[in-house]
Chemist: 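Structure in structure tokens, see below.
Just so you know, these numbers use all the heavy atoms, side chains as well, and skip hydrogens, waters and symmetry mates. In this text the structure is predicted, and so the values were computed from the model without any measurement.
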Amino acid sequence: MDLKSNEPFWLLKNGLISSYPSLKTDEICDVLIIGGGITGSLIAHQMVKDGYKTILIDKREICNGSTSATTSMLQYEIDIPLYRLIELIGEKGAVESYKACSKSIDTIEKIVKEIKSRSGFKRKQSLYFAAKKKDVGWLQKEYEVRKKNGFDVTWIDPDEIEERFSFQNTHGAILSKQGASIDAFKFAHELLRFSLSKGLKIFDKTEMRSVKYLKDHNLALTKDGFNIKAKKIIYCVGYESTNFIKEKFVNLKSTFAMVSEIDKHTFKSMEQTLVWNTDHPYVYMRSTDDERLLIGGGDEDFVDPEKRDSMLDKKEKEILKNLKRIKPDYHFYTDFIWAGTFGETKDALPYIGEHENFKNSYFVLGFGGNGITFSVTGMEMASAYMKNKKHKLSEYFKFGR
């Protein structure tokens, strides 16, 4: 499955950061991680930190799947509002899920400092504005529920939005203090390089063909005929999990994003802010560390890579029309445009946990707009799994829920 198209900004901006050998011998390890994107890099970091002999493989170049196509917005807000998530799964699970995403942003900041990352991590506030007047009622309800549960939020009216952010035709917004942005492609590469220095083994262009699930270990066979004997396998394969998990547990969507030419002045007012709205699908924006504007949206059901890529011109016009609505006098000069595939679950939560058909195995599948922050929570959960312990979110993120 092709997870990106055309010109993903992060891949072109950073180029080939690191290259690793393919697997050419049989190997033995405690933990085999399958998937070398941002999720795999985070889980590998945790496994090495916990003292496990760890191997990571990817069938592509490292980070060349969906990690190169991500928008790298770090938000605690989940794609379903908190009040709705409470209705779906109960107050405890919903609030804990939101708080876990908030904590994940703090954890990423700590890791950035630990590995001396140069991935442009920047603390930002988050502006969630009502795109239509009819959305104001439920958005104010969302504001009250978040405030009640201890989230640092402020309600701001349209006049203040225009004064502070120069956005017109909005109808009020929740301004959250917690948020951040990062270059996840670069961060994942740096994290893997750091873990490599601590004992992690990395093999790219190494595709798993099959796995024998045995009593106390698994035996993974690569496409080139080599075996990896592992006590545990952790799958960090994102949307490609749909290729081998039989039941329908996620809907694949295509999302579209573009980056402007460098513009040092026009969006100075939102330099410290992540922006998104209540539209369906919602529009999202952030600035980059080299002073561009990244904007995206226009989500569609995923059919195939060719169909997705054929929509780029149409989606560019659609997204720019949405931008024109709130920024009528601004002309966006497109420098890069691309599409990526993501997964949408029934409750906007990830699937992290064991699956009955995969013995001695664990899945960390962060879906939706919170893939990165969910993957950070997955570090804690995978660490608990390796110690035969339960995590407080296991029931809410499990398969078959």
Side-chain angles (χ1 to χ4, degrees), residues 1 3 19-65 188 192 195-196 198-247 249 350-366 375 378-379 381-391 394 397-400:
M1 186 184 295
L3 294 179
S19 188
Y20 298 96
S22 59
L23 184 66
K24 300 178 182 69
T25 59
D26 292 342
E27 293 281 347
I28 298 174
C29 60
D30 297 320
V31 182
L32 170 62
I33 295 170
I34 299 174
I38 182 62
T39 302
S41 70
L42 286 162
I43 301 304
H45 178 72
Q46 185 66 52
M47 293 300 103
V48 170
K49 194 173 183 179
D50 287 350
Y52 300 109
K53 184 179 179 183
T54 306
I55 293 173
L56 179 145
I57 64 171
D58 196 296
K59 68 179 183 181
R60 303 179 183 86
E61 293 278 355
I62 290 297
C63 299
N64 271 31
L192 288 172
S195 297
L196 188 72
K198 303 294 182 183
L200 175 67
K201 287 186 176 183
I202 304 170
F203 302 99
D204 66 10
K205 295 183 180 174
T206 299
E207 185 173 353
M208 183 195 72
R209 172 171 282 175
S210 63
V211 177
K212 288 182 180 177
Y213 298 96
L214 304 171
K215 185 178 179 181
D216 58 357
H217 69 276
N218 292 339
L219 199 61
L221 176 67
T222 72
K223 189 177 179 181
D224 293 327
F226 299 104
N227 289 307
I228 305 173
K229 181 181 177 181
K231 292 177 183 175
K232 304 288 184 183
I233 294 178
I234 302 181
Y235 291 94
C236 302
V237 292
Y239 322 116
E240 292 185 316
S241 57
T242 58
N243 292 337
F244 54 89
I245 295 178
K246 291 179 182 177
E247 68 264 28
F249 65 100
Y351 281 87
I352 302 176
E354 297 175 83
H355 190 289
E356 61 182 1
N357 295 336
F358 299 84
K359 200 172 179 181
N360 305 314
S361 300
Y362 199 74
F363 287 82
V364 181
L365 309 174
S375 295
M379 293 168 67
M381 296 178 73
S383 184
Y385 161 73
M386 292 297 295
K387 300 177 180 76
N388 293 313
K389 293 179 180 177
K390 280 282 186 184
H391 188 277
S394 295
F397 293 177
K398 70 181 182 180
F399 287 93

Chemist: Show me the donor-acceptor pairs, under 3.5 Å and distance only, between side chains in residues 224-232 and residues at least two apart or in other chains.
Modeler:
| unit_1 | atom_1 | unit_2 | atom_2 | d |
| --- | --- | --- | --- | --- |
| Lys231 | NZ | Asp30 | OD1 | 3.4 |

Chemist: Using the salt bridge (Lys or Arg N to Asp or Glu O under 4.0 Å) criterion, which residues pair with Lys359? Sequence neighbours excluded.
Modeler: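 Applying salt bridge (Lys or Arg N to Asp or Glu O under 4.0 Å) to Lys359 gives none.
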Chemist: Testing the basics here: between Thr54 and Met47, what is the closest heavy-atom pair and its distance to 0.1 Å?
Modeler: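 Closest approach of Thr54 to Met47, heavy atoms only: OG1-CB, 3.5 Å.
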Chemist: Tell me, please, which residues at least two apart from Lys24 pass side-chain hydrogen bond (donor to acceptor under 3.5 Å, both in side chains).
Modeler: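 Residues passing side-chain hydrogen bond (donor to acceptor under 3.5 Å, both in side chains) with Lys24: Ser22.
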Chemist: Donor-acceptor pairs are to be reported for all side-chain atoms of residues 206-215 against protein atoms at under 3.5 Å, with residues two or more places apart or in another chain.
Modeler:
| unit_1 | atom_1 | unit_2 | atom_2 | d |
| --- | --- | --- | --- | --- |
| Thr206 | OG1 | Leu23 | N | 2.9 |
| Thr206 | OG1 | Asp204 | O | 2.9 |
| Tyr213 | OH | Tyr235 | OH | 2.6 |

Chemist: side-chain hydrogen bond (donor to acceptor under 3.5 Å, both in side chains) with Asn357: which residues, sequence neighbours excluded?
Modeler: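 Partners of Asn357 under the side-chain hydrogen bond (donor to acceptor under 3.5 Å, both in side chains) test: none.
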Chemist: To the closest 0.5 Å, what do you measure between CD1 (Ile233) and CD1 (Ile33)?
Modeler: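 Spacing of CD1 (Ile233) from CD1 (Ile33) equals 11.0 Å.
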Chemist: State the CG-CD distance between Leu32 and Glu27, to the nearest 0.5 angstrom.
Modeler: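 The CD atom of Glu27 is 10.5 Å from CG of Leu32, to the nearest 0.5 Å.
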Chemist: Specify the closest pair of heavy atoms between Leu56 and Ala44, including all atoms of both residues, with the distance to one decimal.
Modeler: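 Minimum heavy-atom separation between Leu56 and Ala44: CD1-CB, 4.1 Å.
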Chemist: Mind listing the closest non-hydrogen atom pair of Ser361 and Asn218 along with its distance?
Modeler: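 Answer, listing the atom of Ser361 first, then Asn218: OG-ND2, 3.3 Å.
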Chemist: Met386 versus Tyr362: any side-chain heavy-atom pair under 4.5 Å?
Modeler: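 Side chain of Met386 against side chain of Tyr362, heavy atoms only: no contact under 4.5 Å found.
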Chemist: Just how far is it from atom NZ of Lys53 to atom NZ of Lys201, taken to the nearest 0.5 Å?
Modeler: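 That separation rounds to 5.0 Å.
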Chemist: Applying ring-ring contact (aromatic ring centres under 6.0 Å, His included), can you list everything that pairs with His355, at least two apart in sequence or on another chain?
Modeler: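 Once residues adjacent in sequence are excluded, the partners of His355 under the ring-ring contact (aromatic ring centres under 6.0 Å, His included) criterion are Phe358, Phe399.
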Chemist: Out of curiosity, Met379 CE to Lys49 NZ, how far, rounded to the nearest 0.5 Å?
Modeler: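 These two atoms lie 6.5 Å from each other.
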Chemist: Quick check: closest heavy atoms across Ser375 and Val364, and the distance to 0.1 Å?
Modeler: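 Here Ser375 and Val364 meet closest at CA-CG1, 4.4 Å.
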Chemist: Suppose we screen for side-chain hydrogen bond (donor to acceptor under 3.5 Å, both in side chains). Which residues come up paired with Ser41, at least two apart in sequence or across chains?
Modeler: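 Residues passing side-chain hydrogen bond (donor to acceptor under 3.5 Å, both in side chains) with Ser41: none at all.
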Chemist: Within this structure, what is the OH-CG distance for the pair Tyr20 and Leu196, rounded to the nearest 0.5 Å?
Modeler: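 If I round to the nearest 0.5 Å, the distance is 5.5 Å.
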Chemist: Taking side-chain hydrogen bond (donor to acceptor under 3.5 Å, both in side chains) as the definition, give me every residue that meets it alongside Ser19, ordered by chain and number, with sequence neighbours left out.
Modeler: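 Per chain and number, Ser19 pairs via side-chain hydrogen bond (donor to acceptor under 3.5 Å, both in side chains) with no residue.
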Chemist: How far apart are the closest heavy atoms of Ile352 and Gly378, and which atoms are they?
Modeler: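 Distance-wise, the nearest heavy atoms are CD1-CA, 4.0 Å.
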Chemist: Closest approach of Gly366 and Pro350, non-hydrogen atoms and distance?
Modeler: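 It is CA-CB, 3.9 Å.
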Chemist: So, taking the atom named CD1 in Ile43 and the one named CD1 in Ile38, what distance separates them when rounded to the nearest 0.5 Å?
Modeler: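 That separation rounds to 10.0 Å.
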Chemist: Quick one: side chain to side chain contact (heavy atoms under 4.5 Å, CB included) partners of Lys387, sequence neighbours excluded?
Modeler: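 Side chain to side chain contact (heavy atoms under 4.5 Å, CB included) list for Lys387, sorted by chain: Asp50, Tyr52, Ser383, Lys389.
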Chemist: Is Ser241 close to Tyr351 at the side-chain level, that is, under 4.5 Å between some pair of heavy atoms?
Modeler: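 They are not in side-chain contact.
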Chemist: Side chains of Glu61 and Lys205: does their closest heavy-atom pair fall under 4.5 Å?
Modeler: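 The answer is yes; the side chains approach within 4.5 Å.
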